[in-house]
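As a basis for the values below, the full set of heavy atoms in this structure was taken, side chains included, without hydrogen atoms, waters or symmetry mates. Start at 1 and go down the list; that is how both ligands and their atoms are numbered.
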Amino acid sequence: MFSSWFLVLKLNCMEKIALVTGATSGIGEATALKLAEEGFAVIITGRRQDRLNVLKHKLERGGSSVFTLCFDVRNEEEVNNSLENLPPEWQDIDVLVNNAGLAAGMEPFQQGDSVDWNRMIDTNLKGLLFVTRFVSQSMVVRKKGHIINIGSIAGKEAYPNGNVYCATKHAVDALTKGMRFDLLPYNIKVTQICPGAVETEFSVVRFHGDKHRADKVYEGYECLVADDIAECIWFAVSRPSHVNINDMVVMPTAQASASVFQKEIYPS
Ligand code: NDP
Ligand code: 8X3
C-alpha cells in the first residue's frame, strides 16, 4: 500500500513518462535504457513478456520506474485494452517512441509472399496507427507531448528487393508529416528518426531466422549499433520546448544510400 502511494507520488512529482514500443530488442531496448537513465519513467512494450521482465528488473535495479505491457501492435483490440488499463499514474504519457517494426523477406516484388507483406503492413503501419491514435488523444487533452516515429533510410528511397518494407517506411515518413499537421494546434511535437544499417535482430527476423544470411548484412564495415539511435532519440527528446527535430537520417559512415556500402577498405 505504502509503496504504491509512494510510486504515485514519485511519478506525479518528478518523472516524465515515455512509452517505447518494441522494447524487447535492438533500438527499442536501447531507447528504454537511455530514457530511463535520463530520468524518465518508462512503459516498455513488446510481445515477449519474458524479455520485458528481464529489462524491467534491469531498469529497476538502476532506480527507474517501469511498467510492462505485453501486446501485439497489429491487434487493435489488444492495443486499446492494454493502454486503457494502464494504472492512472501511468496514463499521462509525455513521449511515445513508435519503434516496433520489422522487415519480412527480401525477394523481388513479383515473388513476394503475402504473409510477409501483411506482417510488415500490419506491424509497421497499422500498429503504429493504433498505438499513436490512443496515446495522442490524451496528449491532445493535455496540450503537450512528443511522438517519435522510427522510420528508415528505406522510407527515403527504395532499393532492390526492398519493395514492401520500403513502402511501409515511406508510409511512416508520410504519416509523420501528416501527424505533425493534425497535432500542431495541440503543441505536440512529431519527430522521425531514419536509421541506415543498425545491427540488431532486424536481419535475423527479415531472413526468417537465417542467422548466417543476417550476419552477412553487417560484414566488412562498421555498422550502427542500437545505442547510436537511442542517442539520437534522446537528442530529439531533450531539445527545449520550442524546438522540434522534424526528421533525422542517421547512417553508418560506410553507407551512402540504402544499398551503397564501402566495405573492407577502412579499418574500424
Ligand atoms: P529488432 O528485431 O531488434 O526489434 C524489433 C522490435 O519490434 C522487437 O522489440 C519486437 O518485439 C517488436 N515488434 C515486432 N513486431 C511486433 C508486434 N507485432 N507487436 C509488438 N512489437 C513488435 O529490430 P530493430 O531494433 O532494428 O528495429 C526497430 C525499428 O527500427 C523497426 O521499426 C525497424 O524497421 C527500424 N529500423 C531498423 C534498422 C536496422 O538496420 N536495424 C534500420 C532502420 C530502421 P517482440 O518480438 O517482443 O514483439
Ligand atoms: C532497415 C534498413 O536498409 O535494411 O530499415 O532497409 S534497410
Side-chain angles (χ1 to χ4, degrees), residues 19-33 44-55 68-76 78-79 82-83 97-106 116 118-131 148-173 175-176 192-209 211 213-214 216-218 221 223-230 232-233 248-252 255-261:
L19 186 151
V20 182
T21 66
T24 56
S25 169
I27 294 168
E29 182 180 3
T31 302
L33 283 160
I44 50 175
T45 84
R47 290 166 299 176
R48 288 171 286 183
Q49 183 68 57
D50 52 338
R51 289 203 184 193
L52 291 173
N53 292 342
V54 171
L55 181 57
T68 67
L69 281 181
C70 189
F71 63 83
D72 187 327
V73 295
R74 293 172 294 182
N75 185 324
E76 185 174 5
E78 257 185 50
V79 170
S82 304
L83 294 169
V97 183
N98 279 314
N99 163 78
L102 80 170
M106 199 176 174
D116 284 344
N118 285 330
R119 271 179 80 196
M120 291 187 277
I121 292 165
D122 290 350
T123 309
N124 300 354
L125 190 46
K126 288 160 74 179
L128 182 146
L129 285 171
F130 297 148
V131 173
I148 310 231
N149 294 330
I150 306 304
S152 169
I153 187 63
K156 301 292 184 184
E157 49 181 279
Y159 56 86
N161 304 328
N163 45 67
V164 175
Y165 178 68
C166 294
T168 64
K169 290 298 184 178
H170 275 69
V172 171
D173 189 66
L175 269 174
T176 303
Q192 177 177 233
I193 311 276
C194 296
V198 190
E199 187 164 10
T200 61
E201 293 176 9
F202 176 85
S203 291
V204 179
V205 172
R206 170 172 243 175
F207 299 130
H208 304 109
K211 179 120 180 29
R213 193 172 170 199
K216 291 221 163 304
V217 174
Y218 308 108
Y221 68 103
C223 57
L224 299 172
V225 294
D227 284 344
D228 296 321
I229 305 307
C232 296
I233 292 169
M248 211 190 278
V249 180
V250 190
M251 307 287 278
Q255 184 180 9
S257 76
S259 52
V260 176
F261 292 81

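- The minimum heavy-atom distance between Ile229 and Val198, with the atom names listed, is CG1-CG2, 4.0 Å.
- Under a 4.0 angstrom heavy-atom cut-off, Lys169 registers as lying outside contact with ligand 2.
- For atom 25 (O) of ligand 1, the nearest non-hydrogen atom of the protein is Ile27 N, 2.9 Å.
- Taking every non-hydrogen atom of Phe71 and a distance limit under 4.0 Å, the qualifying atoms of ligand 1 come out as 19 (N), 20 (C).
- Under a 4.0 angstrom heavy-atom cut-off, Ala30 registers as lying outside contact with ligand 1.
- Among protein heavy atoms, atom 3 (O) of ligand 1 sits closest to Ser25 OG, 2.5 Å.
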Does the side-chain contact (heavy atoms from CB on, under 4.5 Å) test come out yes or no for Glu78 and Arg47, once each step is laid out? CA-CA 11 Å; Glu78 257 185 50; Arg47 290 166 299 176; over 6 Å; no
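- Remark: ligand 1 and Tyr218 share no N or O pair separated by less than 3.5 Å (distance only, no angle test).
- If you run side-chain contact (heavy atoms from CB on, under 4.5 Å) between Val97 and each of Thr21, Ile27, Val20, only Val20 comes through.
- Among all protein heavy atoms, the one lying closest to atom 40 (O) of ligand 1 is Val198 N, 2.9 Å.
- Those atoms of ligand 1 that come under 4.0 Å of a heavy atom in Gly26, given as number and element, are 3 (O), 25 (O).
- Between Ser152 and ligand 1, no N or O atom pair is found at a separation short of 3.5 Å.
- Residue, atom and distance of the protein heavy atom nearest to atom 2 (C) of ligand 2 are Ser152 OG, 3.7 Å.
- Annotation for ligand 1: atoms under 4.0 Å from non-hydrogen atoms of Thr24 are 8 (C), 9 (O), 10 (C), 11 (O), 45 (P), 47 (O).
- The minimum heavy-atom distance between Ala214 and Val204, with the atom names listed, is CB-N, 3.5 Å.
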Test Lys156 against Ile153 for side-chain contact (heavy atoms from CB on, under 4.5 Å), laying out the working first. CA-CA 5 Å; Lys156 301 292 184 184; Ile153 187 63; 4.3 Å; yes
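- For ligand 1, the polar-atom distance check finds no N/O of Leu102 at less than 3.5 Å from any of the ligand's N/O atoms.
- Summary of contacts: the protein heavy atom closest to atom 5 (C) of ligand 1 is Gly101 O, 3.7 Å.
- Residue contacts with ligand 1 include Ile150, since one of its heavy atoms falls under 4.0 Å from the ligand.
- Minimum interatomic distance between Asp227 and Ala30 (heavy atoms only, all atoms of both residues): OD1-CB, 3.4 Å.
- Taking the six-membered ring for Trp and the full ring otherwise, Phe202 and Tyr165 have centroids separated by under 6.0 Å.
- Of all heavy-atom pairs spanning Tyr218 and Thr200, the tightest one is OH-N, 4.3 Å.
- Of all atoms in ligand 2, listed by their number and element, those nearer than 4.0 Å to a heavy atom of Arg206 are 4 (O).
- In terms of heavy-atom proximity, Ser152 sits nearest to Lys169 at CB-CG, 3.8 Å.
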Start with the C-alpha gap between Val250 and Asp228, add the side-chain angles, then the distance that decides, and say whether side-chain contact (heavy atoms from CB on, under 4.5 Å) holds. CA-CA 9 Å; Val250 190; Asp228 296 321; 5.7 Å; no
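- The protein heavy atom nearest to atom 19 (N) of ligand 1 is Val73 N, 3.0 Å.
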For Thr123 and Thr168, run side-chain contact (heavy atoms from CB on, under 4.5 Å): C-alpha distance rounded to whole Å, both residues' side-chain angles, the deciding distance at 0.1 Å, then the answer. CA-CA 9 Å; Thr123 309; Thr168 64; over 6 Å; no
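- Heavy-atom contacts of Ala154 reach the following atoms of ligand 2: 6 (O) (cutoff under 4.0 Å).
- Listed by number with element, the atoms of ligand 1 under 4.0 angstrom from any heavy atom of Gly151 are 43 (C), 44 (C).
- Checked against a 3.5 angstrom limit, the closest N/O atoms of Gly28 and ligand 1 fall outside it.
- Nearest to atom 18 (N) of ligand 1 by heavy-atom distance, out of Val205, Asp72, Ile229, Thr45, is Asp72.
- For atom 7 (S) of ligand 2, the closest heavy atom belonging to the protein is Tyr159 OH, 3.5 Å.
- Near Ala197, meaning under 4.0 Å from any of its heavy atoms, are these atoms of ligand 1: 40 (O).
- Contact annotation: for Pro195 versus ligand 1, heavy atoms closer than 4.0 Å belong to both the backbone and the side chain.
- Among all non-hydrogen protein atoms, the one lying nearest atom 26 (O) of ligand 1 is Thr200 OG1, 2.6 Å.
- Remark: minimum distance from atom 17 (C) of ligand 1 to any protein heavy atom is reached at Arg47 NE, 3.5 Å.
- Within the 4.0 Å heavy-atom cutoff, Gly127 does not count among the residues contacting ligand 1.
- Using a 4.0 Å heavy-atom cutoff, Glu29 is absent from the residues neighbouring ligand 1.
- Under the 3.5 Å distance criterion, the side-chain polar atoms of Asn53 are left unmatched by any main-chain donor or acceptor of Asp50.
- Near Ile153, meaning under 4.0 Å from one of its heavy atoms, ligand 2 places the atoms 3 (O).
- Residue Gln49 comes nearest to Cys70 through the heavy atom pair OE1-CB, 3.1 Å, listed as atom of the first residue, atom of the second, then distance.
- Looking at Asn75, Val20, Asn99, it is Asn99 that brings a heavy atom closest to atom 27 (O) of ligand 1.
- Heavy atoms of Gly196 approach ligand 1 to within less than 4.0 angstrom.
- Residue, atom and distance of the protein heavy atom nearest to atom 33 (C) of ligand 1 are Tyr165 OH, 3.7 Å.
- Asn149 contributes atom CG, which lies 4.5 Å from atom CG of Leu128 (distance to the nearest 0.5 angstrom).
- Contact annotation: for Thr123 versus ligand 1, heavy atoms closer than 4.0 Å belong to the side chain alone.
- Checking only distances, Ile153 never comes within under 3.5 Å of ligand 1, N or O to N or O.
- A distance of 4.0 Å separates OG1 of Thr176 from CD of Gln192, quoted to the nearest 0.5 Å.
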